[in-house]
Amino acid sequence: MDLRWWWIVQKDLATEYRGWNTWPRMLLLGLLMAFLTSYMAIASSGDNSRTAAGICWLTICLAATISLSHSMQDEQNPCCWESLRLYPISPSTIYAAKLTVNTLSLAALQLVVIPCFAVTTNVTWMSHPLLLVVVACLGNLAINSVGTVAAALTVRWQSSHGLLVLLTLPLLIPVILAAAESTRLLDHAAAHGPWRDWLLLLTAFAVVYLTAGWVLFEYLVED
Amino acid sequence: MFAIEATNISHRLAGEWILQETDFRLTANECIVITGANGAGKTTLLRLLSGSMRPTSGNVTWYGHSDAREIQVRRLIGYVAHEVQLYPQLTVAENLLFAARMCGIADPRRRALQTLDVSGLAASADEMVAKTSRGIRQRLAIARATIHEPTIVLLDEPFTSLDQEGCQWLTESIRKWRRAGRAICVVSHDLTLTRRLATHVVRVNDRKVCDVTPASVDNFAPNHFVADAA
């Protein structure tokens, strides 16, 4: 891996900073979902933590598809995707750069949305900040590892965003479940027990998707 | 050794043959102009020669290398596509700097500044590409694709949108590249420029390639294949 990875990241961040196309949309979706969930939580009298964690991670996943789709469409619309692939750089450099940009976008969203969900639904995730960061990072990595490949695969199609959602959501169901349960069970975090099992499952998916994305990206993005 | 050698290449897109059993050869110091009717397959041929697409069948080599994904092959090729392939949210200078960095040039900032000067883009350096004219974008597209001084230069309709000064700059650049021993292939409809620049003119006709010299540009012989001529 060389420095060219960083120049692609820098270019994408500069483009996003000047256009503000992605983050406002992701943020709007996240805040809207947090508000709706808090409304449901007030209406129901039972334990909200499972619903809140599930909807929180589903929201993060859907918001991720916005940034994933944009990161590739910003290359495809001015037809730069072809020129980027023709530069003397390895496809894995492009994958790493796109993955980094998408991970940063989602991390920025998570920083706002997860505390919002925790506060509005009155759950206690925030009392374990370090463990919450670990779960958030693993979930983020798993979502973007598979999402970056899927976005590159679907970008040439007309309704690429719809296709991206259709392609990624089935693959991300185990990630959403594992991340939601790991978040919900933070109060019971221990070296043994269900929290550890869910966290291990989340880690396994993050590693598998990252490895698969790294290996397959080159072949899947060829014309 | 040929700069580019395409042997018996065919390409199929959405169930339709765009190019069939075509041979093509380009050597150093040569400037081949590809011409032909709209939709004849000129752009497809150039994309196959650039390595951005793989032929459905047949084989393309670049100085003997057959895999376009090889880093050393990509260093050899400068490809100006029909679309300008620039980032509209970046400035003219930033687009060049990005290209120089992607090509692994040792001092990318200096090369970008040099290229700005040489291509007459210095006055527009800090303008956002989205706000520049089509002519400036076309100049920038050519400068971006050739910033790494490739030995094979492939240009798809490069004179489109260029003003008289721009056309002169590009004509001079192509001559300079030829003198430097580079292999050049241009897709163009402009027969005047073709006569001035081309060492060979290739016409794509009926999904195949026929070879004609510049002198007989107005008298294309249809179905006269490279293989037959050789």
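Numbers restart at 1 for each chain; the letters A, B, ... are given by sequence-line order, proteins then strands.
- The parts of A:Ile8 that come within reach of chain B are both its backbone and its side chain, each placing non-hydrogen atoms under 4.5 angstrom from that chain.
- Between the side chains of A:Glu82 and B:Ser52, at least one donor-acceptor pair of N or O atoms lies under 3.5 Å.
- Note on B:His148, B:Glu70, B:Gln89: by heavy-atom pairs under 4.5 Å with chain A, the leading option is B:Gln89.
- Checked against side chain to side chain contact (heavy atoms under 4.5 Å, CB included), A:Leu27 has the following partners two or more places apart in sequence or in another chain: A:Leu31, A:Leu109, A:Val112.
- Neither the backbone nor the side chain of B:Gln72 comes within contact range of chain A, judged by heavy atoms closer than 4.5 Å.
- Each of A:Ser90, A:Ala14, A:Gly19, A:Pro91 has some count of heavy-atom pairs under 4.5 Å with chain B, and the biggest count is that of A:Gly19.
- For A:Asn21, the part lying under 4.5 angstrom from a heavy atom of chain B is the side chain only.
- Side chain to side chain, A:Tyr95 and A:Glu218 fail the donor-acceptor criterion of an N or O pair below 3.5 Å.
- Contact of B:Ala81 with chain A is made through the side chain alone, with heavy-atom distances under 4.5 Å.
- Within the cation-pi definition used here (under 6.0 Å to the ring centroid, within 45° of the axis), B:Arg207 does not qualify as a partner of B:Trp17.
- Under 4.0 Å is where a charged nitrogen must lie from a carboxylate oxygen, and between A:Lys98 and A:Glu75 at least one such pair does.
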